[in-house]
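See structure below.
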Amino acid sequence: MSSVVVDKVTKVFNQGRPDEVLALDNVDLTVGDGEFVSLIGPSGCGKSTLLRLVADLIAPTTGTVTVAGKDAGNARKDQAYGIAFQQAGLFEWRTVRRNVELPLELRGVSRSERKARAEQMLQLVGLADFAGHYPGQLSGGMQQRVAIARALAVQPPLLLMDEPFGALDEMTRERLQSELLGICTATKTSVIFVTHSISEAVFLSDRVVVMSARPGRITADVAVTLPSRDDAGRQSPAFFEKITEVRQALRGTPAPITAEA
Ligand code: ADP
Ligand code: MG
């Protein structure tokens with residue numbers, strides 16, 4: 001079964017008003033079980049909109065979204081996925097550990113298991129020593145890692161990630177990329193991952209989906225096979241070839257400023 005099927009989806013914001021925006025135009029996207037798919041494209045091309053449609057945070061204007069065989073609304077109710085967005089979105093009055101525990105609480109997981117799972121996830125993102133801190137006491141990058149730990153805590157079959165590593169330094173970013181891949185491979189988690197980084201998209205993904213500037217459309221779907229997803233993979237000719245292929249696909253889709261000039 002496919003993890004996600006986006007079928008002929010169009011999204012219009014502010015329909016019928018002078019500020020009407022056609023954010024997505026007739027988008028089809030299928031993500032297979034266990035597949036890692038990145039979305040890349042110029043700012044404003046509708047990447048976040050597409051992710052928010054899958055998460056049922058907004059509704060399509062036309063077309064349908066199916067997640068794990070259910071419509072997006074039922075999939076959300078069944079917590080069929082975990083989400084980590086660009087803004088960490090942590091609760092300031094909860095400690096780091098209790099933020100990570102929150103989705104487990106909502107699922108009725110026992111206190112001892114919650115604590116153990118949260119500590120394991122915090123270990124993974126390198127924040128084991130900060131479990132008792134409050135979000136306000138952490139840097140932006142650390143807050144983002146807490147949000148990732150929280151998204152992973154329920155071990156969801158599908159992860160939706162919107163530029164989750166954007167605020168991180170390069171070394172932390174590469175470590176988290178490897179850890180994310182390790183987790184997703186071990187647990188057969190499907191992922192839709194929004195990023196601005198071509199190399200990040202190529203390193204992580206089975207497929208890199210390239211979107212064009214407004215109205216957002218999918219213009220290329222680049223399959224990536226690397227000899228390995230590690231340092232050797234990052235240095236392989238296949239890695240550089242795919243980076244070039246994605247870059248050329250992106251060049252075919254000028255940013256709005258260029259288009260209007
Ligand atoms: P991206 O994530 O690729 O940068 P977005 O999905 O955030 O792009 O936005 C796509 C387009 O839709 C942009 O033109 C943006 O201004 C518009 N848009 C996004 N959300 C809303 C909203 N809630 N109301 C009106 N316009 C929106
Ligand atoms: Mg965005």
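None of these values were measured; they are calculated from a predicted model. Counting starts at 1 for both ligands and their atoms, in listed order.
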Task: Worked verdict on V37 versus D206 for side chain to side chain contact (heavy atoms under 4.5 Å, CB included) - done: CA-CA 6 Å; V37 173; D206 299 308; 5.8 Å; no

Open item on the list: Starting from atom 19 (C) of ligand 1, what is the nearest protein heavy atom, named by residue and atom, and what distance separates them?
Closed with: F13 CE1, 3.4 Å

Task: atom 15 (C) of ligand 1 - nearest protein heavy atom and its distance - done: V21 CG1, 5.0 Å

- [ ] Measure from NZ or CZ of K242 to the centre of the six-membered ring of F240 and say whether it is under 6.0 Å with the direction within 45° of the ring axis.
- [x] no

Task: Contact with ligand 1 for G41, non-hydrogen, under 4.0 angstrom - done: no

- [ ] Have a look at A23, G216, G46 and point out the one with the heavy atom closest to atom 8 (O) of ligand 1.
- [x] G46

Open item on the list: If we count only non-hydrogen protein atoms and require a distance under 4.0 Å, does atom 22 (C) of ligand 1 qualify as touching the protein?
Closed with: yes

Task: Flag, side chain of S3 to backbone of A68, donor-acceptor distance under 3.5 Å - done: no

Open item on the list: E105 and salt bridge (Lys or Arg N to Asp or Glu O under 4.0 Å): which single residue from R117, R111, R94 fits?
Closed with: R94

TODO: Supply the atom-to-atom distance K47 NZ to I192 CD1, rounded to the nearest 0.5 angstrom.
DONE: 14.0 Å

Task: S48 near the Mg ion (ligand 2) via N/O/S, less than 2.8 Å - done: yes

Task: Under 4.0 Å to a heavy atom of S43 - the qualifying atoms of ligand 1, by number - done: 4 (O)

- [ ] Closest by any non-hydrogen atom to atom 13 (C) of ligand 1: pick that one out of A213, G44, S48.
- [x] G44

Open item on the list: Do R229 and F203 form a cation-pi contact, if we require the NZ or CZ to be under 6.0 Å from the six-membered ring centre and within 45 degrees of the ring's axis?
Closed with: no

- [ ] Could you tell me whether R150 and E101 have a side-chain N and a carboxylate O separated by less than 4.0 Å?
- [x] no

Task: Result of checking D25, V12, L24 against P215 for side chain to side chain contact (heavy atoms under 4.5 Å, CB included) - done: D25

Open item on the list: Suppose I only count heavy atoms of N14 and a 4.0 Å limit; which atoms of ligand 1 are within that range?
Closed with: 25 (C)

TODO: Examine the proximity of ligand 1 to T49 and report which part, side chain or backbone, both or neither, has a heavy atom under 4.0 Å away.
DONE: both

TODO: Report the part of I58 in contact with ligand 1, treating N, CA, C, O as backbone and CB onward as side chain, heavy atoms under 4.0 Å; options are side chain, backbone, both, neither.
DONE: neither

